[in-house]
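Here the structure is laid out as structure tokens; the discussion comes afterwards.
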Amino acid sequence: MPELPEVETVRAGLQGLLPGRVFGAVEHNWERSFPNAPSDVKQFLIGASVTAVRRRAKVLMIDLSTDYTLVIHLKMTGQLVFVTEGARFGAGHPSDSLVGNLPDRSTRVEFSFTDGSHLFFNDQRKFGWVRLLPTPEVPNIDFMKKVGPEPLESDLTDEMFIARLQRRKNTSIKAAILDQTVIAGIGNIYADESLWGAKIHPATLVKDVPKAKLKTLLTEIRYVLNLSIEKGGSSDRNYVNAEGKKGSYLQFARVFRREGQACPRCGAIIIKTRVAGRGTHLCPKEQKL
DNA sequence: CACTTGACCTGTCCGC
DNA sequence: TGCGGACAGGTCAAGT
């Protein structure tokens with residue numbers, strides 16, 4: 001799923017809903033979704049209150065009063081949906097939702113708070129995970145050690161972005177920006193959208209993209225990520241925010257899932273192809289190899 | 001080291 | 001209607 005804008009939307013939602021709530025119980029039905037030792041869960045989660053909800057790259061962090069943190073990766077189909085007591089098994093969710101009554105068959109973990117509210121970790125494909133770690137250890141997990149800079153942080157300069165891309169100079173520009181160790185948070189949707197914005201064919205080797213275009217690419221990455229955050233993210237199949245609602249970015253997408261339609265800039269027909277092992281959408285007239 | 005491919009899973013869609 | 005295969009928003013480990 002979830003790329004940076006979707007994870008950020010979930011983070012913002014949870015930040016408004018969770019702080020102060022106290023964990024009362026946890027249930028899970030798929031070991032790999034929450035592989036923590038039961039003794040750790042009992043000692044450091046049950047009875048702890050939420051202090052803050054953070055994000056780094058596509059990873060969410062729910063900080064606890066015990067100086068432990070729930071670290072969560074939604075991968076392709078993960079959802080984190082908060083419901084008050086009445087909504088559990090209850091009236092379901094509004095029409096702008098992909099979630100019905102919870103728990104459902106995609107529910108992997110159910111967190112219950114002492115005030116009767118619940119947080120559901122749903123994950124149809126079971127790729128996602130939740131881990132409970134001491135807060136100071138979170139930056140030391142492999143992913144955090146290797147992940148690249150946040151694209152929306154102003155301390156990432158054009159020069160830094162270009163220099164990091166050069167590490168992957170013999171691969172396609174699309175593979176390079178999807179590489180989380182080069183830059184954080186970009187996935188298939190925003191890769192296609194930003195490459196269209198910068199008029200770069202996704203299969204172009206990094207070394208063959210002029211520096212001026214790489215600079216433009218960073219501008220376009222920031223544009224699409226910010227626009228998507230504003231629209232609440234992209235809901236293609238599974239993604240919903242912390243309240244179970246869909247995001248609307250795909251209504252504004254220029255190429256993603258728009259094969260067969262006219263390019264909004266030049267009118268040529270958008271095509272779908274395959275680059276870096278991923279479905280790839282582009283304008284064949286403006287994005288040439 | 002850089003790069004590509006398959007694996008991890010379930011569900012849906014498309015062609016026969 | 002059933003069945004096989006491809007594909008789906010993301011990482012990882014293993015291969016070359």
Please confirm whether the shortest side-chain N or O distance from A:Lys58 to OP1 or OP2 of C:dG10 is below 4.0 Å.
yes
Between C:dA6 and B:dT5 - P atom distance, rounded Å:
15 Å
With a 4.0 Å cutoff (strictly under), does any side-chain N or O of A:His73 reach OP1 or OP2 of C:dT11?
yes
Are more than 12 heavy atoms, taken from residues, nucleotides or ligands other than A:Lys231, located less than 6.0 Å from that residue's NZ atom?
yes
Between B:dC14 and C:dG9, how many Å separate the two P atoms, rounded to a whole number?
16 Å
For A:Asp142 and for A:Gly277, find the nucleotide of DNA chain C with the closest heavy atom, then tell me which residue's nucleotide is more 5'.
A:Gly277
In whole Å, measure the gap between the P atoms of C:dG2 and B:dC9 for me.
27 Å
Taking any heavy-atom pair under 4.0 Å as a contact, classify A:Ser234: base, sugar-phosphate, or nothing.
base
If we require ring centres under 5.5 Å and near-parallel planes under 30°, does A:Tyr239 stack on C:dG9?
no
Linked hydrophobic residues, A:Phe143 as query - side chain contacts closer than 4.5 Å:
A:Val59, A:Met61, A:Val71, A:Trp129, A:Leu133, A:Val138, A:Ile141, A:Met144, A:Val147
Would you say A:Arg125 places a side-chain N or O within less than 4.0 Å of OP1 or OP2 belonging to C:dG10?
no
Would you mind checking if A:Asp179 and A:Arg167 are paired as a salt bridge, meaning a charged N to carboxylate O distance below 4.0 Å?
no
Measure from CG on A:Leu250 to P on C:dA8 and round the result to the nearest Å.
14 Å
Once you round it to whole Å, what is the distance between C1' of C:dC7 and CG of A:Asn188?
12 Å
Between NZ of A:Lys174 and P of C:dG9 the distance, given in whole Å, is 8 Å
Testing the 3.5 Å rule here: is there a donor-acceptor pair between the side chains of A:Tyr190 and A:Ser234?
yes
Separation of A:Ile189 atom CD1 from C:dC7 atom P, in whole Å?
18 Å
Going by the rule ring pair (Phe, Tyr, Trp, His ring centres under 6.0 Å), which residues pair with A:Phe161 if we only count those two or more places apart in sequence or in a different chain?
none
Could you tell me the separation between the CG atom of A:Leu60 and the P atom of C:dG10, rounded to a whole number of Å?
15 Å
Quick one: A:Glu3 CD to C:dA8 C1', roughly how many Å, whole number?
12 Å
Nearest-angstrom distance from the residue atom CZ of A:Phe127 to C1' of C:dC7
12 Å
With heavy atoms under 4.0 Å as the rule, sort A:Lys146 into base, sugar-phosphate or nothing.
nothing
For A:Gly128, answer base if it contacts any base atom (sugar-phosphate contacts may also be present), sugar-phosphate if it contacts only those atoms, and nothing otherwise; contact means non-hydrogen atoms under 4.0 Å.
nothing
Of all nucleotides in DNA chain B with an atom under 4.0 Å from a non-hydrogen atom of chain A, which is the first and which the last going 5' to 3'?
B:dA2 to B:dG11
What stem regions, each of at least 3 consecutive Watson-Crick or G-U pairs below 3.5 Å, can be found for DNA chain C?
B:2-8 with C:10-16, B:10-16 with C:2-8
Between P of C:dA8 and CG of A:Asn238, the distance in whole Å:
14 Å
Ring centre gap for A:Phe23 and A:Tyr68 strictly below 6.0 Å:
no
Please write out which residues are connected to A:Leu282 in a hydrophobic cluster, directly or through intermediates, given that two of Ile, Leu, Val, Met, Phe, Trp, Tyr count as joined at side-chain heavy-atom separations below 4.5 angstrom.
A:Ile271
So do A:His28 and A:Ser33 actually touch side chain to side chain, heavy atoms under 4.5 Å?
no
Going by salt bridge (charged side-chain N to carboxylate O under 4.0 Å, His left out), name the pairs with one or both residues in residues 276-289 of chain A, residues two or more places apart or in two chains.
A:Arg265-A:Glu286
Using a heavy-atom cut-off of under 4.0 Å over every strand shown, decide if A:Phe143 touches base, sugar-phosphate, or nothing.
sugar-phosphate
Using distance alone, with no hydrogens and no angle criterion, decide if A:Lys174 and A:Thr280 have a side-chain donor and acceptor under 3.5 Å apart.
yes
